[in-house]
Asks: 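Sharing a structure here in structure tokens format.
Source: prediction; values computed, not measured. Just so you know, residue 1 is the first one in the sequence shown, and it goes up from there.
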Amino acid sequence: MAQFNEYHLDPKQFSFLNLLQENWQAIRDEFISFRQNASPEEIELAFNVMGPKSKTIKTKGKSKYSAFGVLFQGMFIEQYIQAHHLTYPQYELQNVSEKVLELRNHYFPKLATAIAQTNALHEDVLRNVYFGTFLPGLDVKLHVNYNPHMNRGYLGLIVPEGDIAMKICHDKLYWHEGEFMVLDHSYPHCPHNYTDYERTVLVVDFFKTDQPREDVARFEQELVKQRMAEDPYSLGVFGKNDKAKPEDFVLYGLSHQLEWDKGLGA
């Protein structure tokens, strides 16, 4: 029986997540189909353009985290690229927004439909939606995601057995296929994958529902503006203020991670 608290939230209180959860197998199948059938050029485009980049969140060793998605700050990826006039030198001869629209329509129609239907019914409550994959051996350094206006849901799509978990404060939580884990990820946390298999979830960021919508929307606008100035390829998801405080490492028994910066990859 899950024990909920101020940072591990009961997903049942967020009924607008139901449509995504009801369609989790179809969403998983779209992800698998993309990985199996997309061309190398399409896969490269997805990871280069459709995924948020972070210069702050770090991992130990060579095992990495990969992400790409379809919705950022309430806009589908092609709309976000156009709205922020993003350019990609490696694709300077291509219309990138058209390319990602084609890719989204071809590979992820059911996911996009579920997002559009949910946001139409719930005043654009969903803000970011993307696939997050942990490679085997991943160990992420303790950090926060400075998003006091949002919660983050993780819908389990491909979750192997074994020690693959999220440490948040003093808790160790596990993903399950077909179920949402919902966190206030402004609290210090560090996930890991100590298995030999990949783990993939659908990351779903959504406005907090206990705050006035106009307030969280205004805060998001200001935060995204700051993050896009820092790094436009963050897609407004990550920023420099995602670092945990040094005393947090001590508090949660992770002092050894402070040494990771020596030869650490971002």
Side-chain angles (χ1 to χ4, degrees), residues 1-11 13 52-67 128 130-177 179-206 208 223 227 230 234 237-266:
M1 190 75 177
Q3 298 294 319
F4 300 110
N5 51 40
E6 67 272 17
Y7 50 79
H8 180 206
L9 308 174
D10 185 355
Q13 65 183 296
K53 306 299 186 289
S54 174
K55 296 180 179 179
T56 304
I57 300 173
K58 299 184 176 183
T59 65
K60 182 181 180 181
K62 296 181 180 180
S63 292
K64 296 295 181 182
Y65 170 82
S66 63
N128 304 310
Y130 57 92
F131 298 101
T133 297
F134 288 177
L135 300 183
L138 179 77
D139 213 346
V140 179
K141 188 177 181 181
L142 188 72
H143 62 282
V144 300
N145 295 110
Y146 181 68
N147 294 309
H149 62 301
M150 292 195 308
N151 292 316
R152 173 162 292 176
Y154 301 85
L155 178 58
L157 300 180
I158 303 171
V159 183
E161 294 182 359
D163 191 359
I164 178 166
M166 170 71 79
K167 294 180 180 177
I168 179 167
C169 298
H170 292 291
D171 291 343
K172 186 176 182 180
L173 308 175
Y174 294 87
W175 292 275
H176 300 282
E177 292 183 359
E179 297 180 13
F180 262 107
M181 175 196 296
V182 177
L183 304 178
D184 182 338
H185 52 145
S186 62
Y187 286 82
H189 58 280
C190 56
H192 64 256
N193 177 10
Y194 297 156
T195 77
D196 296 325
Y197 306 95
E198 293 185 0
R199 180 238 61 171
T200 297
V201 300
L202 188 71
V203 179
V204 182
D205 291 335
F206 56 89
K208 289 186 174 179
L223 184 63
R227 287 176 170 172
E230 294 172 357
S234 70
V237 176
F238 301 115
K240 293 181 179 179
N241 48 11
D242 288 334
K243 291 184 178 180
K245 299 176 181 178
E247 54 266 32
D248 289 333
F249 291 87
V250 177
L251 177 62
Y252 300 118
L254 297 167
S255 300
H256 62 281
Q257 290 188 358
L258 293 170
E259 301 298 317
W260 287 7
D261 287 338
K262 302 173 182 177
L264 195 69

Asks: Write down the atom of Met166, the atom of Met181, and the distance for their closest heavy-atom approach.
Replies: CB-SD, 4.5 Å
Asks: Check whether more than 12 heavy atoms from other residues, nucleotides or ligands sit under 6.0 Å from atom NZ of Lys53, and answer yes or no.
Replies: yes
Asks: With a 4.5 Å heavy-atom cut-off, do Asn241 and Glu230 have their side chains touching?
Replies: no
Asks: Taking C-beta and beyond as the side chain, do Lys141 and Cys190 meet within less than 4.5 Å on heavy atoms?
Replies: no
Asks: Count the heavy atoms of every other residue, nucleotide or ligand shown that sit under 6.0 Å from NZ of Lys245, and state whether that count exceeds 12.
Replies: no
Asks: Report the distance from atom CG of Leu142 to atom CD1 of Ile168, rounding to the nearest 0.5 Å.
Replies: 10.0 Å
Asks: Leu9 vs Lys208, test: side-chain contact (heavy atoms from CB on, under 4.5 Å). Steps then yes/no.
Replies: CA-CA 11 Å; Leu9 308 174; Lys208 289 186 174 179; over 6 Å; no
Asks: Considering all heavy atoms of both residues, which atom of Gly156 and which atom of Val201 are nearest to each other, and what is their separation?
Replies: CA-CG1, 4.1 Å
Asks: Applying the side-chain hydrogen bond (donor to acceptor under 3.5 Å, both in side chains) test to His189, which of Arg152, His143, Lys167 qualifies?
Replies: His143
Asks: List the atom of Tyr187, the atom of Val144, and the distance in Å for their closest heavy-atom pair.
Replies: C-CG1, 4.0 Å
Asks: Work out which heavy atom in Asn147 is nearest to a heavy atom in His185; give both atom names and the distance.
Replies: ND2-CE1, 3.4 Å
Asks: Is it the case that over 12 heavy atoms from other parts of the model lie below 6.0 angstrom from the CD atom of Glu161?
Replies: no
Asks: Just how far is it from atom CG of Asn5 to atom NE2 of His170, taken to the nearest 0.5 Å?
Replies: 11.5 Å
Asks: Could you give the distance from CD1 (Ile164) to OH (Tyr174), rounded to the nearest 0.5 Å?
Replies: 10.5 Å
Asks: Taking all atoms of both residues into account, what is the closest heavy-atom pair of Leu183 and Tyr154, and its distance?
Replies: CD1-CE1, 3.8 Å
Asks: Check the pair Leu223, Tyr146 against side-chain contact (heavy atoms from CB on, under 4.5 Å), reporting the backbone distance first and the verdict last.
Replies: CA-CA 9 Å; Leu223 184 63; Tyr146 181 68; 4.1 Å; yes
Asks: Is it true that Asp205 and Tyr130 share a donor-acceptor pair across their side chains at a distance under 3.5 Å?
Replies: no
Asks: Hey, could you give me the CG/CZ distance between Leu157 and Phe131, rounded to the nearest 0.5 Å?
Replies: 6.5 Å
Asks: The criterion is ring-ring contact (aromatic ring centres under 6.0 Å, His included); which residues satisfy it with Tyr197, sequence neighbours excluded?
Replies: none
Asks: Roughly how far apart are Asn193 CG and Trp175 CH2, rounded to 0.5 Å?
Replies: 8.5 Å
Asks: Would Asn151 and Asp184 satisfy side-chain contact (heavy atoms from CB on, under 4.5 Å), going step by step from the backbone distance to the final call?
Replies: CA-CA 5 Å; Asn151 292 316; Asp184 182 338; 3.8 Å; yes
Asks: Can you name the nearest heavy-atom pair linking Arg227 to Ser234, along with the distance?
Replies: O-OG, 3.7 Å
